[in-house]
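Working notes, beginning with the structure itself.
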Amino acid sequence: MLRLESWIYISAISIAFSIPGLLFSYYSVVLFLSTIRYPRSRLESPSIRETPLISILIATFNEKFVVANTLDALKLLDYPRDKLRVVVADDSTDETVEVIDRKVMELNQLGIESVVSRRNDRTGFKSGAMDQAAPLLKGEWVLLLDADSTVSPSVLKRGLGAASQDRRIGFVSFRVGHYNREQNLTTRLFALQLDQGDTVAKMGSYAIDAPYSFQGGFVLVSMPVLRQVNFWPNRSIVEDADLSCRIYCAGYRGVYLSDVRIFSEDPSSLEVWKKQAARVAQGWAVYAIANGRKILGCKKLSIWRRIVLFSQLVGPVQGLTWVVVTFVSAFGLILGISAPSNSIFSSPIYIIIVTLPLVSFYASGIYALHIQKKLSLHNLILLPLLSYTSSCMTTAIMVGFLSGVRGKTGTFFRTPKYGLSPPGDKQYHHDIQLDRIAVVEGILASAALAVSVIVLLDGVWALALTLGGFGALTLKSMDLSRNLRPKPRLGREPPSDKNTGQIELESKQLNPHPGSDS
């Protein structure tokens with residue numbers, strides 16, 4: 001009787017922890033199916049009656065290789081120069097200061113009013129820099145850019161045209177473009193992941209009027225709304241998610257323009273990608289705990305929208321629940337608590353339920369490539385690899401999320417940017433050292449590999465395959481970027497939009513510094 005109760009407990013724990021992941025997975029399916037309702041034709045018209053004053057806020061910190069291109073692209077904007085005001089929130093401590101000062105002078109000489117905000121420390125990191133620069137902003141809208149955000153000429157007119165169609169619009173977000181997409185396998189995978197995420201999360205969410213988080217370097221925000229939510233007061237390391245939530249809770253919504261891109265540089269190593277993912281998960285967890293009650297109690301949002309908004313912040317919990325489900329099930333078998341036939345991974349129904357979202361994953365990936373006009377065998381073969389690459393991110397995301405749950409605010413991890421030319425022979429970004437994430441990755445991945453062998457001998461192949469794949473890929477990913485150093489090839493993805501002008505950007509070989517893993 002004790003044996004029977006024990007395996008029931010194991011199954012109950014596994015099923016209970018499976019539920020959050022399944023809910024997130026099936027909501028993604030709903031969003032993907034909703035993309036067919038995305039109103040392309042209604043959002044294609046860029047016509048605007050007025051050209052209001054617009055500020056462009058660029059946050060920078062030691063971005064000497066990319067910020068010049070970002071500022072130069074502003075010269076080509078299809079918008080009256082006397083209706084633009086550029087504000088650079090610069091925390092730099094290196095040659096970036098001279099680069100920015102020179103480019104700001106050039107913009108002023110061209111008739112684009114430009115100013116720089118600087119401070120003596122990095123309190124609040126990027127959020128703090130932007131908050132200090134807020135009094136310098138003028139006009140009705142603010143275009144938020146990162147130091148490597150390269151705009152296309154039509155971005156402002158297209159954004160204003162879309163915003164004018166609904167008084168509830170608090171922001172307009174644009175698709176993320178990738179000017180170093182073809183640098184190496186990591187950048188190709190990262191670009192595909194963002195393509196898929198933009199398509200599902202943003203096109204789908206906008207189609208059903210569901211809230212979503214914009215990305216800070218790719219968004220046009222209403223100045224009155226920004227004032228209403230008090231700019232960036234929380235000193236968050238995820239200032240974009242923070243601002244998105246406060247705008248929605250203030251009763252506004254966002255609009256997403258799928259065919260208007262702002263180009264940026266993708267991380268060229270898995271180490272950097274993981275660091276970035278862990279920082280986001282940590283920041284989301286901190287914000288969810290601090291503001292979860294406000295979000296769930298927001299009267300200006302319907303109940304289901306409150307749940308969706310809060311769920312986005314706790315989305316990284318999927319990694320934690322997956323680890324619990326697989327390891328609890330595995331140790332139940334190893335310790336003899338549960339017989340192989342009683343494992344939920346031996347149930348065809350459970351396997352089908354868990355596997356069905358994978359069909360949507362591949363379908364949405366193909367669809368994302370299709371609407372980007374990048375549907376080719378060269379890119380299609382990345383989809384299976386992307387699904388497994390996501391599993392090697394699980395540990396980093398889990399560690400970051402748990403740190404946030406514990407109240408660890410963390411630091412703003414700055415993704416190294418190298419731009420369109422080699423960075424030279426001085427190390428621009430310190431090597432990523434063996435930190436706690438790498439230690440946890442190594443331990444968890446090794447345990448998963450060892451356990452998978454035992455589970456396979458018990459005949460539970462689905463569980464063995466899951467654990468084995470996770471362990472092998474995680475261990476491999478810890479050294480993968482060293483095997484994916486940039487090769488001498490050219491990649492091009494010009495930032496062009498339908499019915500707009502074009503900027504040609506050549507993505508040259510980006511060689512890391514000696515000894516750098518970035």
Side-chain angles (χ1 to χ4, degrees), residues 27 30-31 34 37-39 42-43 48-50 52-55 57 127 130-131 134-135 137-144 156 158-174 198 200-236 238-258 260 283-284 286-315:
Y27 180 63
V30 171
L31 290 180
S34 299
R37 299 174 54 192
Y38 179 78
R42 184 167 66 86
L43 295 176
I48 55 175
R49 296 180 180 179
E50 300 178 354
L53 178 62
I54 293 179
S55 289
L57 177 59
S127 179
M130 296 169 74
D131 194 44
L137 301 175
K138 296 180 180 179
E140 297 181 28
W141 292 85
V142 181
L143 179 65
L144 302 180
L156 294 181
R158 290 295 308 277
L160 292 176
S164 65
Q165 301 178 27
D166 190 336
R167 293 182 178 179
R168 294 183 300 155
I169 298 300
F171 66 86
V172 180
S173 59
F174 307 99
D198 273 11
V200 174
K202 295 179 182 175
M203 289 179 66
S205 294
Y206 178 71
I208 61 175
D209 198 13
Y212 67 90
S213 174
F214 57 69
Q215 286 150 290
F218 310 86
V219 64
L220 182 69
V221 183
S222 164
M223 178 66 91
V225 173
L226 199 53
R227 289 194 186 97
Q228 184 176 334
V229 299
N230 200 21
F231 297 98
W232 297 272
N234 294 325
R235 303 295 191 265
S236 172
V238 283
E239 80 293 332
D240 44 8
D242 179 324
L243 185 56
S244 301
C245 288
R246 287 185 285 119
I247 289 175
Y248 275 112
C249 288
Y252 299 93
R253 62 170 298 194
V255 60
Y256 175 62
L257 293 184
S258 175
V260 182
W284 282 6
V286 170
Y287 188 78
I289 291 174
N291 299 278
R293 184 173 297 180
K294 292 180 182 178
I295 293 172
L296 294 174
C298 177
K299 301 300 182 181
K300 294 185 178 181
L301 289 174
S302 62
I303 294 177
W304 78 269
R305 289 185 177 89
R306 297 178 217 172
I307 294 174
V308 168
L309 191 58
F310 180 75
S311 297
Q312 291 179 355
L313 297 173
V314 297

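FYI, side chains are in, hydrogens and waters are out, and symmetry mates aren't considered; it's all heavy atoms of this structure.
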May I ask you to test the [X]-[Y] pair for a side-chain heavy-atom distance under 4.5 Å?
X	Y	answer
Ile169	Val225	no
Asp209	Arg168	yes
Ser258	Asp198	no
Val172	Val260	no
Ile54	Glu140	no
Val221	Ile247	yes
Ser222	Tyr252	no

For [X] and [Y], which heavy atoms make the closest approach, and how far apart are they?
X	Y	answer
Ser34	Ala207	O-CB, 3.2 Å
Cys298	Cys249	SG-O, 3.2 Å
Ala162	Leu257	CB-CD2, 3.8 Å
Phe174	Leu143	CE1-CD1, 4.1 Å
Leu137	Leu57	CD2-CB, 4.1 Å
Gly170	Trp141	O-CZ3, 4.1 Å

Main chain of [Y], side chain of [X]: is a donor-acceptor contact present, judged purely on distance under 3.5 Å?
X	Y	value
Tyr256	Tyr38	no
Gln312	Pro211	yes
Ser173	Val219	no
Arg246	Gln228	no
Tyr287	Cys245	no
Ser244	Phe214	yes

Just verifying a value: how many Å separate [X] [atom1] and [Y] [atom2], rounded to the nearest 0.5 Å?
X	Y	atom1	atom2	value
Leu296	Arg293	CG	CZ	10.0 Å
Arg306	Lys299	CZ	NZ	5.5 Å
Trp304	Leu309	CH2	CG	11.0 Å

Name the one of Tyr206, Tyr248, Phe218 that satisfies ring pair (Phe, Tyr, Trp, His ring centres under 6.0 Å) with Phe171?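 Result for ring pair (Phe, Tyr, Trp, His ring centres under 6.0 Å) with Phe171: Tyr248.
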
Please determine which of Val255, Val142, Leu160, Leu144 meets the side-chain contact (heavy atoms from CB on, under 4.5 Å) test together with Leu220.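 One option only clears the test, and that one is Leu160.
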
Taking it one step at a time, do Ser302 and Arg305 satisfy side-chain hydrogen bond (donor to acceptor under 3.5 Å, both in side chains)? CA-CA 5 Å; Ser302 62; Arg305 289 185 177 89; 3.0 Å; yes

